[in-house]
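Just so we're on the same page: letters track the sequence lines, and every chain starts at 1.
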Amino acid sequence: MEQKRLYFRRQLQTNMAVRLCDVASLLRSGSWASEPWTGQVIAAMETQLSNGPTCNNTSNGPSTITNNCSSPVESGSIEDSKTNLIVNYLPQNMTQEELKSLFGSIGEIESCKLVRDKITGQSLGYGFVNYVDPKDAEKAINTLNGLRLQTKTIKVSYARPSSASIRDANLYVSGLPKTMTQKELEQLFSQYGRIITSRILVDQVTGVSRGVGFIRFDRRVEAEEAIKGLNCQKPPGATEPITVKFANNPSQKTSQALLSQLYQSPNRRYPGPLAQQAQRFRLDNLLNMAYGVKRFSPMAIDGVTSLAGINIPGHAGTGWCIFVYNLAPDADESILWQMFGPFGAVTNVKVIRDFNTNKCKGFGFVTMTNYDEAAVAIASLNGYRLGDRVLQVSFKTNKTHKA
DNA sequence: TGATATT
């Protein structure tokens, strides 16, 4: 009870209508409504809401507020939201649950959304995480920005307030001098507005610039002005003019290309050869279940020595559970994400702590979706030296008695 | 013409 009071007091201290709307709707629904003090809290919030900016939150996602500031965009100003983050460059196969699990290891999450293609359902590689506490959002940027997950390095930053004016502000630039650096590219374009991202494409083999790149501005009007000012112009010192135009939207592919991508990408829906071994396990286990055979020992398969995390389709919340031993007392979840994330889809991590001291008891667990990725992670991380400790990593066993 | 940046 007291914890709930503290929880909502903390929320109330976040002086944004957007937060109040969310808390109010949370209080109105579900088990919170039965608490004797919720009525007072809702009333207090609605008073503030009626005096403040309009709340337009009608959906499940994080809400937005009408920006009624007289000078909405000031160069270099701090973002409006201190709790809402955008996470870019997520691995293609990362799910919303995995995103929530990863960022939930920092602090309490108010809402979390992985953005998917409306038609294909494929991840668009970015998402939003809205924390309850602005301090956790800041901590998430400090600890998770730049985290390597599989082949990607994720970017974590404050989300700008959602608005039509910030959409379609990405430019494709070609004909750049091969010697031009990213910094020089930014210098050229920064006179037209605030740059959100910039990139120069390079040859995969030689690393030499391909003379093409991208500039994403904060606002579309800035991108329009940059086209007017720089398209067909020669950059300082260049011999040839550059081409500046709006970039293609990656989500606007032809249906042919989408189908091709769907067929070729090894994801959950269309498992590629890599998933075959895990599929074989699942099939075997289904057959064993169906025929009432005692849970089969997978030890006979391909030299695997010990397994327990049996993954049965339809049995939600399962995966390949990995036991990690010899963690330091101050180990936290983020270290587990950092170690195992690069090997594949991680759905959950947990550091086991002493109830009284809150220090790690020396071990933890990691759940991975795919068997093959889990096996590689174990093979790679068992014996790994973390600080002054050598880790023992294995599939979790179902030991009920100590040997 | 990207390491799919605004739900």
Tell me if the side-chain of A:N248 makes a donor-acceptor pair with the base of B:dG2, cut-off 3.5 Å, by modelled atom types. no

It should be established whether A:R216 places a side-chain nitrogen or oxygen under 4.0 Å from OP1 or OP2 of nucleotide B:dG2. no

From CG (A:L102) to CG (A:L336), nearest 0.5 Å: 11.5 Å

Using atom CG of A:N88 as one end and atom P of B:dT7 as the other, report the distance to the nearest whole Å. 13 Å

Taking side chain as C-beta onward, heavy atoms only, is A:M339 less than 4.5 Å from A:V366? no

Check whether any side-chain heavy atom of A:K155 sits under 4.5 Å from a side-chain heavy atom of A:T197, and report yes or no. yes

Just list the side-chain donor-acceptor pairs under 3.5 Å for residues 139-149 of chain A, sequence neighbours left out, or say none.
from: A:N142; atom 1: ND2; to: A:E138; atom 2: O; distance (Å): 3.3
from: A:T143; atom 1: OG1; to: A:K139; atom 2: O; distance (Å): 3.0
from: A:N145; atom 1: OD1; to: A:V156; atom 2: N; distance (Å): 2.9

For A:I215 and B:dT1, what is the distance between atoms CD1 and P respectively, to the nearest whole Å? 17 Å

Where each residue is assigned the nucleotide of DNA chain B containing its nearest heavy atom, which of A:S123 and A:V129 is assigned the position nearer the 5′ end? A:S123

Tell me the interatomic distance from A:R116, atom CZ, to B:dT4, atom C1', rounded to whole angstroms. 13 Å

Report yes if a side-chain nitrogen or oxygen of A:K152 is closer than 4.0 Å to either non-bridging phosphate oxygen (OP1 or OP2) of B:dT4; otherwise report no. yes

When all nucleic acid strands are considered with a 4.0 Å heavy-atom cut-off, which category describes A:I166: base, sugar-phosphate, or nothing? base

Once you apply a heavy-atom cut-off of 4.0 Å, does A:S157 come out as touching a base, just sugar-phosphate, or nothing? base

Once hydrogens and angles are ignored, does a donor-acceptor distance under 3.5 Å link the base of B:dT7 to the side chain of A:N84? yes

Within the structure shown, what part of the strands sits under 4.0 Å from A:R210 by heavy-atom distance: base, sugar-phosphate, or nothing? sugar-phosphate

From B:dT4, B:dG2, B:dT7, pick the nucleotide closest to the side chain of A:R199? B:dG2

Side-chain heavy atoms of A:V349 within contact of A:F340, under 4.5 Å: no

Just to be sure I understand the rule, does A:K118 reach a base, reach only the sugar-phosphate, or reach nothing, if contact means heavy atoms closer than 4.0 Å? nothing

Need one value for A:F214: base, sugar-phosphate or nothing, where a base atom within 4.0 Å counts as base even if backbone is also close, heavy atoms only. base

Out of B:dT7, B:dA5, B:dG2, which nucleotide sits closest to the side chain of A:S162? B:dT7

Is there, by distance only and without an angle test, a donor paired with an acceptor across the side chain of A:R167 and the base of B:dT6 below 3.5 Å? no

Can you check the A:Y158 OH to B:dA5 P distance for me, whole Å? 21 Å

Classify A:T153 by what it touches in the nucleic acid, base, sugar-phosphate, or nothing, heavy-atom distance under 4.0 Å. base

